[in-house]
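Treat the numbers as computed from the prediction; the structure is a model and nothing was measured. Chain A is the first sequence line, chain B the second, and so forth, proteins listed ahead of strands; every chain is numbered from 1.
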Amino acid sequence: MIRRPAVPPETRVPAVALTVVLIAFFCTPLMSGRALTAFDVYNTFQGLAQIGLLTLGLGLTMIAGEFDLSVAGTYVLGGMLAVRTGQSSAILGIVLAVGAGAAIGAGQGGLIARLGIPSLPVTLATYIALLGLTSAMSGGLSVTYANTGATLWMDQHVAGVFSPPSLITLAGFVIAAVVFAGTRLGREVRAIGGDRRASRVAGVRVERGLVGLFTASGSLAALSGALFSYSYAAANPNPGLQPLILATVGCLVGGVSLAGGRGLPAGLLAGALAVALLRQVDAITAIPDYYTELLYAALLGVIVAVDAPGLRRGYDRLRARAATVRTPDRRP
Amino acid sequence: MTAADNDRGPAMAAARDLPGRQDGAGTGTGPPAPAPAAAGGRLPGLRGVDPLDVGIVIVVLAVIVTGMLTTRFFSLANARAILASTATVGITAIGATVVMIAGSAVSLAVSQTATVVAMIFLATQQFGLAAAITLGLLSGVAMTAIQGAVIGFWTANPIVLTIAAGFAIGGVATWISGGTTVNPQVAAFNGLNGTPLGLPLAVYVLLAVTAAAQWFLRRTTAGRYMYLIGENPRAARAAGLPVGRVTVIAWAIFGACIALAGVFLAAFNTSANANLGGTLSLDAIAAVLAGGTAIGGGRGSAVRTLGGALLISAISDLLLLRGFSTGIQLLVKGLLVAFVVIAVHVRSTRGRR
Amino acid sequence: MSDVTGDRARPQVRAEGLSRGFGGVPAVREVSFTVGAGEIHGLCGHNGAGKSTVVKMLSGQLAPDSGRIVIGGKPVQLGSRQAAQRLGVALVDQELSVVPELSVLDNLLLGGVSTPLLNRRRAATARCRQVLADMGLDRIRPQQPLAELSIGERQLVEVARALSQNARLVILDEPTATLSDVETGHVFAAIRRVAARGCSVIFVSHRLSEVLELCDTVTVLRDGRRIATTAASELTVSDLIVQMLGEAPHRLTAARAPDPRPAHSLRIEGLHVPGRLTDFSLTAQAGRVYALAGQLGSGASDVLRALAGLHPQATGLVRLRDRAVPFRDPVGAAAAGIAFVSSDRKSEGLFLDKPIAANLLATRLPRLGRAGLLSSRREQQAARSLAELVGIADHRLREPAAALSGGNQQRVFVGRSLGRDDVYALLLDEPTRGVDIGGRAAIHRLLRAAADAGLIVLFASTELEELLELGDVIITMREARMVARYEGGADGAVLMRDMTQGKRAA
């Protein structure tokens with residue numbers, strides 16, 4: 001049978017990617033001519049706070065073999081809802097945003113699990129609808145968040161390099177990692193993504209798991225959007241696909257496969273951190289954007305190749321052909 | 001309102017076409033007979049009322065009734081506006097239909113490809129319109145067909161691959177253009193902004209592309225293979241069908257459609273920058289899905305996508321006329337797509353097992 | 001029935017008059033049997049006898065139409081796998097049901113009702129080591145990804161999972177089909193340990209000598225009915241074969257005269273698929289039907305899959321009509337004139353949503369027009385003549401293939417490869433799986449006619465009657481190798497022995 005290398009891709013891919021990006025990060029003084037400061041690290045974590053929880057939510061559904069495009073919509077809605085309802089009480093805004101995200105996720109998850117619909121078209125439709133809903137809530141315009149107290153609190157430096165949003169993001173990853181490693185849920189999520197039929201035979205409650213995951217991804221996306229809006233003191237009704245694409249890159253770089261069954265919260269954190277670091281490297285060195293884009297393309301290209309069964313078949317074919325040529329009459 | 005009857009023509013005909021085509025075209029490769037004579041008769045095994053039929057009829061009726069109550073909805077000018085707003089998204093969506101039928105789900109690199117084609121088109125204006133169009137088409141086909149080859153021969157995941165391709169295409173384009181807006185010295189493209197018989201040229205191209213794609217899917221070997229491969233790629237592989245080659249053809253067609261859309265976008269905007277493609281990727285997918293083409297592949301048709309695109313435009317237009325914001329338009333579009341996706345799925349799984 | 005084992009008289013699991021049909025066709029009829037505490041109960045039967053359906057009902061995957069299941073003296077409703085597990089029913093499914101993406105430890109814990117919400121890693125790891133050692137898998141670490149294990153080792157992990165769940169009833173459906181003798185020995189030892197603790201075991205297998213070696217009692221099913229329940233000590237393999245097959249199986253009819261022209265033959269030399277098939281050679285001549293007889297995991301179907309291009313890692317030499325076949329690629333194999341009919345009609349065969357006509361024509365589209373353009377006239381003609389050939393009414397051609405019965409679907413599947421002048425070899429894996437008697441005869445006629453028309457027909461089957469009826473030459477296979485070759489003079493008992501025990505016992 002196929003012998004896989006000792007380190008599984010879910011660890012290898014994020015480890016390699018994060019190492020490469022870290023080296024790049026520490027080399028930035030060579031290009032910018034100024035030493036790295038704690039503020040650079042702070043900014044990196046701010047970048048992580050922007051896409052981290054989105055990556056986590058998206059990644060969790062991807063591990064279970066689904067693709068939840070709607071997180072981009074929930075993210076936007078969460079931001080808008082938090083700003084609209086949290087002018088006086090920031091906490092209330094966050095609670096409402098997360099509640100809405102959870103409800104949207106649970107509804108979608110129920111639909112997808114019960115009817116067995118592929119998640120991509122359903123979540124795409126939800127994304128469009130949520131974008132519309134958000135835009136309708138704000139009249140299509142950015143809404144400023146007047147609660148300067150909350151914004152200042154969000155932007156404060158904690159221990160030099162952290163801020164409350166980045167700490168909350170890290171906490172999200174820690175909780176997910178603990179749940180994954182410490183309870184049977186992590187095992188079941190990966191089993192659902194790996195082989196749904198086998199999971200059912202083994203006794204896993206697949207439908208319940210899917211609903212839970214979509215609820216989690218919806219809540220995380222809404223929370224992420226709310227934190228982002230607070231710290232920028234504004235909610236933008238249409239930030240485009242950029243957050244979603246970056247979160248997807250974070251997941252893939254984090255060792256998750258779109259085919260499902262593979263990935264860990266720690267890997268997702270590494271993936272999101274790699275994306276955040278790369279943005280910071282960009283900002284420090286002021287290199288043109290297209291370097292980053294081409295780097296992303298190359299990274300994803302490698303990931304595509306690692307995951308392509310047809311490529312593996314072609315490789316097997318070549319090896320078998322070579323073996324036949326060596327021993328033309330009888331194979332060994 | 002004198003022209004009301006005329007105007008109902010294109011938009012409504014296409015929309016009405018949706019339920020009518022369910023029986024013949026909806027089941028896939030189409031019957032071997034030249035015309036689906038059996039259309040109208042129900043498929044055995046699918047008893048009862050089709051939720052999609054009922055739903056689409058209700059939606060179309062709602063549009064018509066609301067349209068009658070809305071000033072200027074049934075007017076020649078408004079019909080033109082609906083058609084014109086459908087053109088570029090529609091052309092792209094026809095291409096997206098072909099790859100979705102062939103089982104490759106979606107591409108997330110559409111916007112970037114269209115942008116690059118637009119830039120190439122505008123940057124080569126001095127060689128004449130024909131040369132610029134040809135270069136634009138060739139570059140679009142090449143960029144997209146390469147992705148098709150990786151997907152077809154290596155069974156790469158289309159979503160990951162097209163995200164990667166989007167970065168690569170966008171990155172190379174910025175690299176070469178230096179991130180500036182392309183402003184052509186010569187404006188050979190003006191011919192493309194013509195409005196023969198009062199309709200933008202792009203609308204005629206959309207109709208021609210739809211007809212050509214419909215014919216291709218039904219009447220050529222490659223087109224038929226696409227339905228088979230899309231429905232069951234494992235069976236197609238086991239039967240020795242040329243999965244890789246056909247996938248490349250599907251993506252090449254998609255590339256040509258994206259390129260056409262890019263050319264028209266360029267001509268319309270007279271300049272091209274990195275954001276020209278906008279939300280084309282998702283708009284195209286939404287139109288395909290609203291037409292009832294299944295994301296899993298193997299089912300759907302170009303005509304249905306045209307219907308889906310027109311339905312979306314008509315509803316958006318109606319909401320606009322009634323004073324609803326773009327937000328509400330998007331919301332309704334999302335709900336429409338969700339409804340069609342669910343109905344199509346329920347219909348295709350009902351009656352089996 | 002339970003009186004055959006005195007100390008195991010305490011009944012723990014009882015099937016009472018279980019019946020279940022599919023689409024009006026009964027698969028299991030009024031089946032009753034009892035398994036005592038600590039008893040190992042064998043369930044035998046030919047293909048289609050209803051074993052799997054009984055297993056599915058007992059494990060909560062399928063509800064019986066009538067009859068009831070009694071566990072520990074109480075009638076129970078097993079609505080789902082979870083419900084069955086809560087009542088103490090563990091299962092090793094016929095299909096490998098472990099998740100390669102998880103570690104060995106995670107697979108052992110997956111889905112168990114006794115698995116706590118919070119992981120107790122140290123205790124679980126220690127227990128996992130113990131369980132693995134019991135299975136002879138000492139060399140495997142609990143944290144190792146399952147993907148690194150061979151198919152046989154993965155099967156052992158699944159068996160270990162079921163046996164370690166402290167269940168009241170463990171059902172093992174063909175657990176040893178992919179295992180070596182040593183691995184089977186470990187499985188048997190583990191099963192005996194579990195039974196000794198008072199757990200009831202139902203063991204389903206095609207390997208009759210194994211059944212007799214392991215089980216206390218054997219129930220034989222035929223055509224969905226229970227034929228006999230006998231103490232294993234009173235049975236021989238021959239007795240079991242008679243119970244399974246009914247009347248003495250008929251002898252192989254006279255073989256057809258082969259077409260000796262080498263230009264019309266399929267030559268296979270040293271065909272090898274890593275882990276599945278070892279050194280297979282055969283020269284098949286046009287005009288004859290060659291049958292590969294072998295159970296799951298015997299390599300019989302791998303011969304066909306390798307020839308059809310579905311095993312890219314296959315090595316060896318294949319020549320068809322004196323031309324080399326690029327047999328590692330399905331497109332190349334098809335172009336060389338090989339047509340393949342998979343055993344998995346649903347996922348690897350038909351395009352179920354597509355009209356019957358489209359299915360019949362799927363592989364011959366390029367010949368129905370010119371330059372890639374289809375001619376509707378020729379399409380219609382071809383569809384009609386094929387429909388007539390396979391016996392499907394003209395007016396049904398536009399119905400989706402899913403609307404047909406299993407037998408008719410299979411006719412369409414086979415018909416897809418018939419009547420083509422560019423196909424020289426027809427390979428069929430289980431050509432009549434899930435097909436009713438009438439459909440079966442029709443398909444056999446089609447294949448015979450195809451051979452008479454000059455095709456090389458090679459099929460793999462597990463069904464004795466089919467092998468004997470259709471095969472001019474029968475090649476028995478077991479554990480990835482050829483066992484023997486028969487041209488006339490074989491009978492069912494001999495084939496069964498070859499397939500289940502190998503040559504030495506023959």
Side-chain angles (χ1 to χ4, degrees), chain A residues 67 69-70 73 108 111 115-140 237-238 240-241 244-245 248-249 252 257-259 288-305 307-314, chain B residues 105-106 108 111 150-157 159-161 163-176 178-179 243-244 274-275 278-279 281-283 285-286 289-290 294-296 324-342 344-346 349:
Chain A
F67 188 51
L69 264 171
S70 74
Q108 276 194 111
L111 210 60
L115 297 179
I117 304 190
S119 49
L120 181 66
V122 176
T123 56
L124 172 72
T126 314
Y127 165 68
I128 296 172
L130 290 178
L131 219 53
L133 185 63
T134 313
S135 182
M137 275 169 61
S138 68
N238 191 359
L241 271 184
L244 176 72
I245 298 278
T248 312
V249 173
L252 295 169
S257 136
L258 264 180
D289 277 352
Y290 62 82
Y291 276 108
T292 334
E293 294 195 1
L294 292 178
L295 184 67
Y296 282 147
L299 270 176
L300 293 180
V302 172
I303 290 167
V304 163
D307 273 348
L311 191 60
R312 162 159 285 160
R313 280 200 295 266
Chain B
V106 297
L108 296 176
S111 307
V150 177
I151 291 167
F153 289 106
W154 292 1
T155 17
N157 184 303
I159 295 174
V160 186
L161 181 79
I163 292 178
F167 278 123
I169 293 168
V172 171
T174 329
W175 186 7
I176 291 170
V243 177
N275 295 323
T279 56
S281 299
L282 292 190
D283 291 344
I285 301 171
L289 292 176
I295 196 129
F324 288 103
S325 66
T326 33
I328 299 292
Q329 293 170 33
L330 267 180
L331 176 63
V332 171
K333 175 173 154 187
L335 294 177
L336 175 74
V337 172
F339 163 74
V340 175
V341 163
I342 293 166
V344 164
H345 179 84
V346 168
T349 48

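- Looking at Phe167(B) and Ile245(A), their side chains come closer than 4.5 Å, going by heavy atoms from C-beta outward.
- Minimum interatomic distance between Val337(B) and Ala125(A) (heavy atoms only, all atoms of both residues): CG1-CB, 3.7 Å.
- The shortest side-chain heavy-atom distance between Leu115(A) and Ile342(B) falls under the 4.5 Å cut-off.
- When each of Val249(A), Thr248(A), Leu258(A) is checked for a side chain to side chain contact (heavy atoms under 4.5 Å, CB included) with Val160(B), only Leu258(A) meets the rule.
- Heavy atoms of Val340(B) lying under 4.5 Å from chain A are absent altogether.
- The line from OG1 of Thr126(A) to CG of Leu335(B) is 8.5 Å long, rounded to the nearest 0.5 Å.
- When each of Val304(A), Ile117(A), Leu111(A) is checked for heavy-atom pairs under 4.5 Å with chain B, Ile117(A) comes out on top.
- Closest non-hydrogen pair, Gly132(A) versus Leu330(B), comes out as CA-CB, 3.3 Å.
- Separating the CD1 atom in Ile163(B) from the CG atom in Leu300(A) is a distance of 7.0 Å, to the nearest 0.5 Å.
- Leu120(A) is listed as a side-chain neighbour of Ile159(B), based on a closest heavy-atom distance under 4.5 Å.
- Only the side chain of Ile295(B) has a heavy atom closer than 4.5 Å to any heavy atom of chain A.
- Note on Pro121(A), Ala136(A), Ser135(A): by heavy-atom pairs under 4.5 Å with chain B, the leading option is Pro121(A).
- Neither the backbone nor the side chain of Tyr291(A) comes within less than 4.5 Å of any heavy atom in chain B.
- Here Leu282(B) is the residue among Leu282(B), Thr279(B), Thr326(B), Leu289(B) with the most heavy-atom pairs under 4.5 Å with chain A.
- The minimum heavy-atom distance linking Gly301(A) with Ala164(B) is given by the pair N-CB, 4.2 Å.
- Residues Asp289(A) and Thr174(B) fail the side-chain proximity criterion, which asks for heavy atoms closer than 4.5 Å.
- Contact check for Val122(A) versus His345(B): no side-chain heavy atoms found under the 4.5 Å cut-off.
- Residue Asn157(B) holds its CG atom at 11.0 Å from CD1 of Ile303(A), rounded to the nearest 0.5 Å.
- Chain B forms more heavy-atom pairs under 4.5 Å with one residue of Gly116(A), Pro288(A), Ala305(A) than with any other, namely Gly116(A).
- For the side chain to side chain contact (heavy atoms under 4.5 Å, CB included) test, residues two or more places apart in sequence or in another chain that qualify with Asn238(A) are Leu131(A).
- If you measure heavy-atom distances from Leu299(A) to chain B, you find no contacts under 4.5 Å at all.
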